[in-house]
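Notes for the one structure printed next.
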Amino acid sequence: MRTRYSIVAILLHWVIAVLILANLLLGWQMGYLTGMDQFAMFQLHKSIGITVLVLSVVRLAWRLLNPPPPSVAPMKPWEHRVASATHWFFYTLMIGMPLTGWAMVSVSPYNIPTLLWKTIPWPHIGFLHAMDAAGKARVEAVGGNIHLYLALGGAALIALHVAAALKHQFIARDGVLGRMVPGLRSTPHSL
(Lines give C-alpha, C1' and ligand atoms only; values in the text may rest on other atoms or scores of the structure.)
Protein backbone atom coordinates (compact mmCIF):
# COMPACT_ATOMS: atom_id res chain seq x y z
CA MET A 1 0.00 0.00 0.00
CA ARG A 2 1.29 3.43 -0.99
CA THR A 3 1.84 5.71 2.02
CA ARG A 4 3.69 8.65 0.45
CA TYR A 5 2.44 11.31 -1.91
CA SER A 6 3.76 11.10 -5.46
CA ILE A 7 6.95 12.95 -6.35
CA VAL A 8 4.87 15.35 -8.47
CA ALA A 9 2.58 16.18 -5.53
CA ILE A 10 5.56 16.60 -3.20
CA LEU A 11 7.41 18.86 -5.63
CA LEU A 12 4.33 21.02 -6.29
CA HIS A 13 3.61 21.23 -2.54
CA TRP A 14 7.05 22.54 -1.63
CA VAL A 15 7.52 24.86 -4.60
CA ILE A 16 4.09 26.44 -4.04
CA ALA A 17 4.71 26.66 -0.26
CA VAL A 18 8.00 28.53 -0.74
CA LEU A 19 6.44 30.86 -3.32
CA ILE A 20 3.45 31.64 -1.08
CA LEU A 21 5.65 32.39 1.93
CA ALA A 22 7.85 34.63 -0.22
CA ASN A 23 4.82 36.44 -1.59
CA LEU A 24 3.30 36.98 1.84
CA LEU A 25 6.55 38.60 2.93
CA LEU A 26 6.74 40.72 -0.22
CA GLY A 27 3.12 41.75 0.21
CA TRP A 28 3.80 43.10 3.70
CA GLN A 29 6.91 44.97 2.52
CA MET A 30 5.46 46.60 -0.60
CA GLY A 31 3.61 49.33 1.29
CA TYR A 32 6.84 50.57 2.82
CA LEU A 33 8.58 51.16 -0.50
CA THR A 34 8.29 53.98 -3.00
CA GLY A 35 9.24 54.72 -6.59
CA MET A 36 11.08 52.13 -8.65
CA ASP A 37 11.74 49.95 -5.61
CA GLN A 38 8.00 49.61 -5.07
CA PHE A 39 7.41 49.06 -8.80
CA ALA A 40 10.01 46.27 -8.90
CA MET A 41 8.53 44.66 -5.77
CA PHE A 42 5.01 44.76 -7.27
CA GLN A 43 6.26 43.16 -10.49
CA LEU A 44 7.98 40.40 -8.51
CA HIS A 45 4.86 39.94 -6.34
CA LYS A 46 2.70 39.62 -9.46
CA SER A 47 5.16 37.18 -11.07
CA ILE A 48 5.13 34.95 -8.01
CA GLY A 49 1.35 35.22 -7.65
CA ILE A 50 0.62 34.17 -11.24
CA THR A 51 3.16 31.35 -10.92
CA VAL A 52 1.34 30.16 -7.78
CA LEU A 53 -1.97 30.34 -9.68
CA VAL A 54 -0.69 28.25 -12.58
CA LEU A 55 1.05 25.70 -10.34
CA SER A 56 -1.99 25.48 -8.05
CA VAL A 57 -4.30 24.69 -10.97
CA VAL A 58 -1.83 21.99 -12.03
CA ARG A 59 -1.68 20.72 -8.45
CA LEU A 60 -5.47 20.62 -8.13
CA ALA A 61 -5.77 18.72 -11.42
CA TRP A 62 -3.04 16.34 -10.26
CA ARG A 63 -4.83 15.73 -6.95
CA LEU A 64 -8.16 15.08 -8.65
CA LEU A 65 -6.53 12.61 -11.06
CA ASN A 66 -4.17 11.09 -8.43
CA PRO A 67 -5.91 10.88 -5.05
CA PRO A 68 -3.63 11.15 -2.02
CA PRO A 69 -2.53 7.94 -0.32
CA PRO A 70 -4.69 6.70 2.53
CA SER A 71 -3.82 8.06 5.94
CA VAL A 72 -1.19 6.19 7.91
CA ALA A 73 -2.25 7.71 11.21
CA PRO A 74 -5.12 6.72 13.45
CA MET A 75 -7.13 9.93 13.55
CA LYS A 76 -10.50 10.77 15.01
CA PRO A 77 -13.30 11.56 12.55
CA TRP A 78 -13.18 15.27 13.43
CA GLU A 79 -9.42 15.30 12.74
CA HIS A 80 -10.03 13.86 9.26
CA ARG A 81 -12.69 16.52 8.62
CA VAL A 82 -10.39 19.34 9.79
CA ALA A 83 -7.49 18.00 7.70
CA SER A 84 -9.68 17.72 4.61
CA ALA A 85 -11.20 21.18 5.12
CA THR A 86 -7.73 22.67 5.63
CA HIS A 87 -6.49 21.22 2.35
CA TRP A 88 -9.52 22.54 0.43
CA PHE A 89 -9.14 25.97 2.09
CA PHE A 90 -5.54 25.95 0.90
CA TYR A 91 -6.71 25.37 -2.67
CA THR A 92 -9.18 28.24 -2.28
CA LEU A 93 -6.36 30.50 -1.09
CA MET A 94 -3.81 29.31 -3.66
CA ILE A 95 -6.23 30.09 -6.48
CA GLY A 96 -8.28 32.90 -4.94
CA MET A 97 -5.40 35.12 -3.87
CA PRO A 98 -3.75 35.31 -7.30
CA LEU A 99 -7.15 35.78 -8.98
CA THR A 100 -8.05 38.72 -6.72
CA GLY A 101 -4.59 40.22 -7.26
CA TRP A 102 -4.96 39.81 -11.02
CA ALA A 103 -8.40 41.43 -10.84
CA MET A 104 -6.99 44.42 -8.94
CA VAL A 105 -4.20 44.86 -11.49
CA SER A 106 -6.78 44.65 -14.28
CA VAL A 107 -8.86 47.52 -12.84
CA SER A 108 -6.01 49.68 -11.57
CA PRO A 109 -6.25 53.32 -12.70
CA TYR A 110 -2.49 53.21 -13.31
CA ASN A 111 -2.93 50.62 -16.10
CA ILE A 112 0.56 49.22 -15.55
CA PRO A 113 1.27 46.14 -17.68
CA THR A 114 2.45 42.98 -16.00
CA LEU A 115 5.67 41.43 -17.24
CA LEU A 116 6.12 38.08 -15.49
CA TRP A 117 9.69 37.42 -14.48
CA LYS A 118 10.69 40.49 -16.54
CA THR A 119 10.02 38.43 -19.66
CA ILE A 120 6.44 37.21 -20.23
CA PRO A 121 3.67 39.76 -20.90
CA TRP A 122 0.57 38.88 -18.85
CA PRO A 123 -2.79 40.31 -19.96
CA HIS A 124 -5.36 42.12 -17.88
CA ILE A 125 -8.68 40.34 -17.34
CA GLY A 126 -10.53 41.71 -20.36
CA PHE A 127 -14.03 42.34 -19.01
CA LEU A 128 -12.65 43.96 -15.85
CA HIS A 129 -10.17 46.11 -17.74
CA ALA A 130 -12.99 47.30 -20.03
CA MET A 131 -15.17 48.57 -17.15
CA ASP A 132 -15.81 52.26 -16.57
CA ALA A 133 -13.81 54.09 -13.88
CA ALA A 134 -16.54 53.81 -11.23
CA GLY A 135 -16.91 50.07 -11.78
CA LYS A 136 -13.16 49.61 -11.68
CA ALA A 137 -12.97 51.51 -8.38
CA ARG A 138 -15.63 49.25 -6.84
CA VAL A 139 -13.87 46.09 -8.04
CA GLU A 140 -10.51 47.39 -6.78
CA ALA A 141 -11.94 48.15 -3.32
CA VAL A 142 -13.70 44.80 -2.95
CA GLY A 143 -10.82 42.86 -4.53
CA GLY A 144 -8.29 44.59 -2.28
CA ASN A 145 -10.25 43.64 0.84
CA ILE A 146 -10.69 40.05 -0.30
CA HIS A 147 -6.98 39.83 -1.19
CA LEU A 148 -6.02 41.16 2.26
CA TYR A 149 -8.38 38.83 4.12
CA LEU A 150 -7.18 35.85 2.11
CA ALA A 151 -3.58 36.80 2.99
CA LEU A 152 -4.42 37.03 6.69
CA GLY A 153 -6.41 33.79 6.54
CA GLY A 154 -3.60 32.16 4.60
CA ALA A 155 -1.04 33.14 7.23
CA ALA A 156 -3.28 31.67 9.96
CA LEU A 157 -3.88 28.52 7.91
CA ILE A 158 -0.15 28.08 7.32
CA ALA A 159 0.46 28.36 11.08
CA LEU A 160 -2.25 25.74 11.73
CA HIS A 161 -0.84 23.45 9.02
CA VAL A 162 2.72 23.69 10.38
CA ALA A 163 1.50 23.13 13.96
CA ALA A 164 -0.44 20.04 12.88
CA ALA A 165 2.58 18.68 10.97
CA LEU A 166 4.80 19.18 14.02
CA LYS A 167 2.20 17.57 16.28
CA HIS A 168 2.13 14.53 14.01
CA GLN A 169 5.93 14.35 13.85
CA PHE A 170 6.90 14.97 17.47
CA ILE A 171 3.86 14.15 19.61
CA ALA A 172 1.86 11.50 17.75
CA ARG A 173 4.97 10.18 15.91
CA ASP A 174 2.65 8.65 13.35
CA GLY A 175 4.62 9.22 10.15
CA VAL A 176 2.19 11.72 8.62
CA LEU A 177 4.90 14.30 7.96
CA GLY A 178 6.99 11.67 6.15
CA ARG A 179 4.27 11.39 3.50
CA MET A 180 5.22 14.84 2.17
CA VAL A 181 8.82 15.43 3.30
CA PRO A 182 11.56 13.74 1.30
CA GLY A 183 13.86 11.66 3.50
CA LEU A 184 11.40 11.15 6.37
CA ARG A 185 9.71 7.84 7.08
CA SER A 186 6.01 7.67 6.31
CA THR A 187 5.28 4.94 8.82
CA PRO A 188 4.73 5.33 12.56
CA HIS A 189 7.91 5.35 14.61
CA SER A 190 9.19 6.16 18.04
CA LEU A 191 11.81 8.75 18.93
Side-chain angles (χ1 to χ4, degrees), residues 1-31 41 44-102 117 143 145-191:
M1 175 177 67
R2 180 173 69 106
T3 60
R4 291 181 58 81
Y5 282 85
S6 70
I7 190 67
V8 172
I10 291 170
L11 183 63
L12 287 169
H13 174 273
W14 289 109
V15 169
I16 292 169
V18 167
L19 291 173
I20 287 172
L21 289 173
N23 235 15
L24 284 172
L25 292 172
L26 291 174
W28 299 129
Q29 294 175 1
M30 287 188 312
M41 186 78 75
L44 179 58
H45 185 76
K46 291 189 291 185
S47 294
I48 292 172
I50 294 299
T51 302
V52 167
L53 175 62
V54 170
L55 292 176
S56 296
V57 170
V58 169
R59 183 173 177 191
L60 179 59
W62 182 264
R63 181 180 176 121
L64 294 173
L65 296 172
N66 300 278
S71 179
V72 296
M75 295 187 338
K76 296 176 177 72
W78 71 266
E79 289 175 311
H80 280 287
R81 286 191 299 274
V82 169
S84 179
T86 299
H87 284 102
W88 290 110
F89 280 133
F90 266 123
Y91 283 108
T92 301
L93 289 166
M94 294 182 315
I95 294 170
M97 281 194 68
L99 285 177
T100 57
W102 188 11
W117 306 109
N145 285 332
I146 292 171
H147 197 70
L148 174 63
Y149 292 133
L150 287 174
L152 294 172
L157 199 59
I158 289 167
L160 174 68
H161 189 61
V162 169
L166 294 174
K167 175 253 183 197
H168 280 288
Q169 182 66 20
F170 297 111
I171 296 171
R173 294 182 268 170
D174 54 19
V176 167
L177 189 60
R179 293 162 35 107
M180 188 56 78
V181 176
L184 286 182
R185 292 172 27 191
S186 62
T187 55
H189 61 282
S190 59
L191 293 176

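Residue indices begin at 1 and follow the sequence shown.
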pair Val54-Thr51: side-chain heavy atoms closer than 4.5 Å: no

To the nearest 0.5 Å, what is the distance between NE2 on His168 and CG on Leu177? 9.5 Å

Rounded to the nearest 0.5 angstrom, the OG-CG distance for Ser6 and Leu65 is 11.0 Å

Under the criterion side chain to side chain contact (heavy atoms under 4.5 Å, CB included), I'd like the reasoning laid out for Asn23 against Leu19: C-alpha separation, chi angles, the key distance, then a yes or no. CA-CA 6 Å; Asn23 235 15; Leu19 291 173; over 6 Å; no

Side-chain contact test, heavy atoms from C-beta onward, threshold under 4.5 Å: evaluate it for His45 versus Gln29 and give yes or no. no

Would you give the length of the straight line joining atom CE of Met94 to atom CG of Leu60, rounded to the nearest 0.5 angstrom? 7.5 Å

Starting at NE2 of His147, measure out to CG of Leu152 and round the result to the nearest 0.5 Å. 10.5 Å

Would a 4.5 Å heavy-atom cut-off, applied to side chains only, mark Ile16 and Arg59 as touching? yes

How close do Met41 and Met30 get, counting heavy atoms only, and between which atoms? CG-CG, 3.1 Å

Return each pair, listed once, that meets salt bridge (Lys or Arg N to Asp or Glu O under 4.0 Å) where at least one residue sits in residues 21-31; pairs must be two or more places apart or across chains. none

Closest non-hydrogen atoms of Thr100 and Gly143, given as atom of the first, atom of the second and distance, are CB-O, 4.0 Å

Criterion side chain to side chain contact (heavy atoms under 4.5 Å, CB included) on Leu11 and Val8, from CA distance to verdict: CA-CA 5 Å; Leu11 183 63; Val8 172; 5.9 Å; no

Does Ile20 form a side chain to side chain contact (heavy atoms under 4.5 Å, CB included) with Leu93? I'd like the steps, not just the answer. CA-CA 10 Å; Ile20 287 172; Leu93 289 166; over 6 Å; no

Do the side chain of Asn66 and the main chain of Trp62 share a donor and acceptor less than 3.5 angstrom apart? yes

Minimum heavy-atom separation for Met75 and Ala83, please, with both atom names. CE-CB, 4.4 Å

So, the side chain of Arg4 versus the backbone of Pro69: is there a donor-acceptor pair under 3.5 Å, distance only? no

Please report the shortest heavy-atom distance between Arg63 and Pro68, naming the atom on each side. NH2-CG, 3.7 Å

Drop me the distance from Ile48's CD1 to Leu26's CG, to the nearest 0.5 angstrom. 5.0 Å

Pairs meeting criterion side-chain hydrogen bond (donor to acceptor under 3.5 Å, both in side chains) with involvement of residues 81-94, two or more places apart: none

Partner set under ring pair (Phe, Tyr, Trp, His ring centres under 6.0 Å) for Phe90, not counting sequence neighbours: His161

Could you grab the distance from atom CG of Leu53 to atom CE of Met97, nearest 0.5 Å is fine? 12.0 Å

Just by modelled atom types, is the Met180 backbone N or O under 3.5 Å from a matching donor or acceptor in the Trp14 side chain? yes

Closest non-hydrogen atom pair, Gln169 against Arg173: O-CG, 3.4 Å

